[in-house]
Amino acid sequence: YVQIDFAGFLELVDAVGGVTIEFDAPAFDDKSGLNIATAGPHRLDKDRARAYVPSRTYTRIVDGKQVVDPTADLGRIQRQQTFLRAVMSEVGSTRNPITLAHIGDAIASNMAIDDALGFGDSIGLARKLAGLDPETVDIPVTPTRTRAGADVLLLKQPAATAALDRFR
């Protein structure tokens with residue numbers, strides 16, 4: 001297994017010289033500090049990644065109007081997945097030995113690994129991950145609200161178990 005903390009993730013972004021994310025509209029989040037003034041591709045360094053990746057009040061400017069992401073945490077998770085794929089693509093396409101050394105340092109100093117995984121293995125793993133084409137798996141759920149007013153998703157059984165069994 002490989003576990004990398006958020007600080008390591010940001011160091012990895014820095015090691016590859018930033019990550020390009022396509023924004024379909026200007027976007028901001030006053031709470032996280034995100035500020036994307038124009039639509040189009042933007043290269044995010046670790047500070048901008050720190051504002052984008054955990055954004056919980058992601059707001060786009062569409063036709064001059066502020067549109068808060070109605071998908072809340074699910075939208076945040078999708079943006080995180082997009083960002084992670086972009087990071088891994090950058091890592092996997094890197095051929096510069098100096099950049100590879102920076103990537104190795106960023107990974108090695110901020111991760112926990114099992115005893116069998118070495119430095120070269122971690123670089124190989126990153127390259128393999130860059131070539132993956134992740135598949136979306138829809139897990140059947142029922143939206144509901146708790147007595148305390150929290151919106152939650154309840155798994156629809158047995159279909160949810162069948163979908164989750166694909167990860168075992």
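Computed from a prediction, not measured in an experiment: that's the story for all the values here.
Counting only heavy atoms from C-beta outward, the side chains of F83 and V13 approach each other to under 4.5 Å. When side chains are defined from C-beta on, P26 does not count as touching I36, because their heavy atoms never get closer than 4.5 Å.
Side chain of T82 to backbone of Q78: a donor-acceptor contact under 3.5 angstrom is found. Although no hydrogens or angles enter the test, the distance criterion places no donor-acceptor pair under 3.5 Å between the side chain of R60 and the main chain of D24. With D45 contributing its side chain and D47 its backbone, the two residues share a donor-acceptor pair below 3.5 Å. Remark: side-chain polar atoms of R79 are not paired, donor with acceptor, to backbone N or O of Y58 under 3.5 angstrom.
Between the CD atom of Q80 and the CZ atom of R85 there is a distance of 11.5 Å, given to the nearest 0.5 Å. In this structure, CD1 in I139 is found 4.0 Å from CG in L164, a value given to the nearest 0.5 Å. Atoms CD1 and CZ, on I21 and R48 in that order, are 11.0 Å from each other to the nearest 0.5 Å. The distance from atom CG of L154 to atom OG1 of T146, rounded to the nearest 0.5 Å, is 10.0 Å.
Residue pairs meeting the ring-ring contact (aromatic ring centres under 6.0 Å, His included) criterion with at least one member in residues 24-44, sequence neighbours excluded: F23-H42. Pairs engaging residues 140-161 under the salt bridge (charged side-chain N to carboxylate O under 4.0 Å, His left out) rule: R145-D151 [sequence neighbours left out].
For D138, the side chain to side chain donor-acceptor pair (under 3.5 Å) criterion is met by no residue, not counting sequence neighbours. Under the side chain to side chain donor-acceptor pair (under 3.5 Å) criterion, Q157 pairs with T161, sequence neighbours left out. Legend: residues meeting side-chain contact (heavy atoms from CB on, under 4.5 Å) with A51, ordered by chain and number and at least two apart, are S32, L34. For T59, there are no side chain to side chain donor-acceptor pair (under 3.5 Å) partners two or more places apart in sequence or in a different chain.
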Inset, instruction - Start with the C-alpha gap between V53 and L44, add the side-chain angles, then the distance that decides, and say whether side-chain contact (heavy atoms from CB on, under 4.5 Å) holds. - result: CA-CA 10 Å; V53 171; L44 304 185; over 6 Å; no
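Contact record, V16 with R43: O-NH2, 3.5 Å, taken as the closest heavy-atom pair. The two residues A86 and T20 have their closest heavy-atom pair at CB-O, 4.1 Å.
By the rule that hydrophobic residues join a cluster once side-chain heavy atoms approach within less than 4.5 Å of another member, F6 and L84 end up as members of one cluster. There is a path of hydrophobic side-chain contacts, each under 4.5 Å, that joins L155 to L74. Clustering ILVMFWY residues whenever any of their side-chain heavy atoms sit less than 4.5 angstrom apart, transitively, puts L10 in the very cluster that holds V87.
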